[in-house]
Amino acid sequence: MGEPKLRLQGVSQVYEGARGETRALQNMDIDVAPGEAVAILGPSGCGKSTSLLIAAGLRVPTQGAAFVDGVRVAEPRLNTALILQDFGLLPWKTVAENAGLGLQIRKTPKRERAERVARALEQVGLADFADAFPAELSGGMRQRLAMARALTCDADLLLMDEPLSALDALLREEMQDMLKRCWCEQGYAQVLVTHSIEEAVYLGQRIVVMSPRPGRVVHVLENAEMQQENWRDNDLFFERCRALREMLRDIVAKEEVAHA
Ligand code: ADP
Ligand code: MG
């Protein structure tokens, strides 16, 4: 691989709390190539969100560092988009205003902002809802809006923290399709954090499997076939899910032995 778009190098995170230290991440290494889609899969509490905050420049790790295009990440970067679990929508702003927030922060002129917002809302199928408020939207539509906001920013790196976990099963599949389509069309590098095996296998060209806390990378699974048509119905899709389920079970069992 040439220079990675994103590199996490020897990243460790210790949180100091009232009840002592929490070791969230321990010596985590990940490279994500330009345009690559990586899924990070791990049990709850293993430091997945922490690793994304570090990649986004919202947290400085206790040890190690994140690099984008070879430059150490010290603060949020203009062309990195981050979609959080609750989407970060502002209830008092319209759909169009919410979609344009990233551009507003970047001080993009109003006219250009309007054009790019219109294009992004079109892309995610929300054009007819530009003047609605988030409270009037379904869960899937809020998801689309969060995506539209990311799309307006011409991101070359999209970071997503369990964006689909609040949605019901059928809607999740529809949204997974949308995420895959946007990624294919836009060509950004993407890191999706999830605790869903199916989601990782559907959306990750590579799947990084983490251990329970303190999170470390324990497996990296190649999953290039995710680009095939109807991947969800492919026997290999089920095989990958099964292999991952077994892997996760083993990892958790080993930890339990180690801590017994
Ligand atoms: P995940 O996203 O995989 O569930 P997190 O990165 O959110 O994991 O958290 C990893 C561990 O660090 C958890 O035990 C969590 O309670 C702890 N943690 C996360 N953020 C903080 C914080 N700001 N202060 C103290 N502890 C934290
Ligand atoms: Mg999390």
Side-chain angles (χ1 to χ4, degrees), residues 6-30 32 37-68 73-76 80-89 139 142-143 146-147 150 157-168 172 175-176 179 190-204 206-221 241 244-245 247-256 258-259:
L6 170 68
R7 164 168 285 173
L8 294 184
Q9 196 170 57
V11 166
S12 298
Q13 178 66 46
V14 180
Y15 290 111
E16 309 281 349
R19 284 171 298 152
E21 296 191 331
T22 304
R23 291 192 305 140
L25 288 173
Q26 182 172 294
N27 205 13
M28 185 175 182
D29 291 311
I30 294 186
V32 180
V38 169
I40 300 181
L41 179 66
S44 174
C46 75
K48 299 184 297 299
S49 296
T50 300
S51 66
L52 276 199
L53 293 179
I54 291 167
L58 292 170
R59 173 171 285 287
V60 178
T62 316
Q63 262 178 50
F67 299 86
V68 173
V73 178
E75 58 184 13
T80 299
L82 176 65
I83 300 184
L84 296 171
Q85 209 164 345
D86 65 359
F87 305 147
L89 302 178
R142 284 180 207 168
Q143 170 74 51
M147 191 68 206
L157 176 61
L158 174 61
L159 309 171
M160 291 183 282
D161 192 0
E162 310 208 20
L164 307 180
S165 54
L167 307 177
D168 62 57
R172 267 183 99 128
M175 291 300 112
Q176 288 168 0
L179 294 183
Q190 166 170 304
V191 181
L192 173 82
V193 153
T194 181
H195 61 249
S196 158
I197 290 172
E198 283 76 17
E199 207 156 287
V201 176
Y202 193 64
L203 289 167
R206 272 190 308 140
I207 301 165
V208 174
V209 182
M210 292 180 69
S211 69
R213 190 173 60 240
R216 287 147 290 145
V217 175
V218 282
H219 288 288
V220 179
L221 196 79
C241 291
L244 276 169
R245 207 166 290 123
M247 231 177 244
L248 283 173
R249 210 181 296 136
D250 280 357
I251 295 165
V252 173
K254 267 192 206 128
E255 294 287 315
E256 279 166 2
H259 291 119

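Remember, it's 1-based here, ligands and their atoms both numbered in the order they're listed.
- Across every non-hydrogen atom of Val73 and Ala55, the tightest pair is CG1-O, 4.0 Å.
- By the 4.0 Å heavy-atom criterion, Arg23 is excluded from the residues contacting ligand 1.
- Heavy-atom minimum distance, Gln85 versus Ser165: NE2-OG, 3.1 Å.
- Taking all atoms of both residues into account, the shortest heavy-atom contact from Arg172 to Leu164 is CG-O, 3.6 Å.
- When Pro43, Gly45, Ala24, Ala18 are ranked by how near their heavy atoms come to atom 4 (O) of ligand 1, first place goes to Gly45.
- A side chain to side chain donor-acceptor pair (under 3.5 Å) check over residues 39-49, counting only residues at least two apart or in different chains, returns the pairs Ser49-Asp161.
- The nearest pair of heavy atoms linking Leu41 to His195 is CD1-C, 3.7 Å.
- The CD1 atom of Ile54 lies 9.5 Å from the CG atom of Leu52; values are rounded to the nearest 0.5 Å.
- Ligand 1 has no atom lying under 4.0 Å from any heavy atom of Gly17.
- Inspection of the environment of the Mg ion (ligand 2) yields the following protein N, O or S atoms under 2.8 Å: Ser49 OG.
- Remark: side-chain polar atoms of Arg216 are paired, donor with acceptor, to backbone N or O of Pro214 under 3.5 angstrom.
- When all heavy atoms of Ala65 and Val11 are compared, the closest pair comes out as O-CG2, 3.5 Å.
- Within the set Cys46, Pro212, Ser49, the minimum heavy-atom distance to atom 7 (O) of ligand 1 is found for Ser49.
- Applying the 4.0 Å criterion to heavy atoms of Arg59 picks out, from ligand 1, the atoms 23 (N).
- Of the possible donor and acceptor atoms, none in the side chain of Ser12 sits under 3.5 Å from a partner among the backbone N and O of Gln63.
- Atom 27 (C) of ligand 1 has as its closest protein heavy atom Tyr15 CD1, 3.2 Å.
- What sits closest to atom 8 (O) of ligand 1 on the protein, heavy atoms only, is Gly47 N, 3.1 Å.
- Summary of contacts: the protein heavy atom closest to atom 6 (O) of ligand 1 is Thr50 OG1, 2.5 Å.
- In summary, the atoms of ligand 1 found under 4.0 Å from a heavy atom of Thr22, numbered by their order in the structure, are 12 (O), 14 (O).
- For atom 15 (C) of ligand 1, the protein comes within 4.0 Å by no heavy atom at all.
- The CD atom of Gln13 sits 12.5 Å away from atom CD of Gln26, with the distance rounded to the nearest 0.5 Å.
- At a cut-off of 3.5 Å, with distance as the only test, no side-chain donor of Tyr202 or Ser196 sits close to an acceptor on the other residue.
- For ligand 1, the atoms sitting less than 4.0 Å from at least one non-hydrogen atom of Arg213 are 11 (C), 13 (C), 14 (O), numbered in the order shown with element in parentheses.
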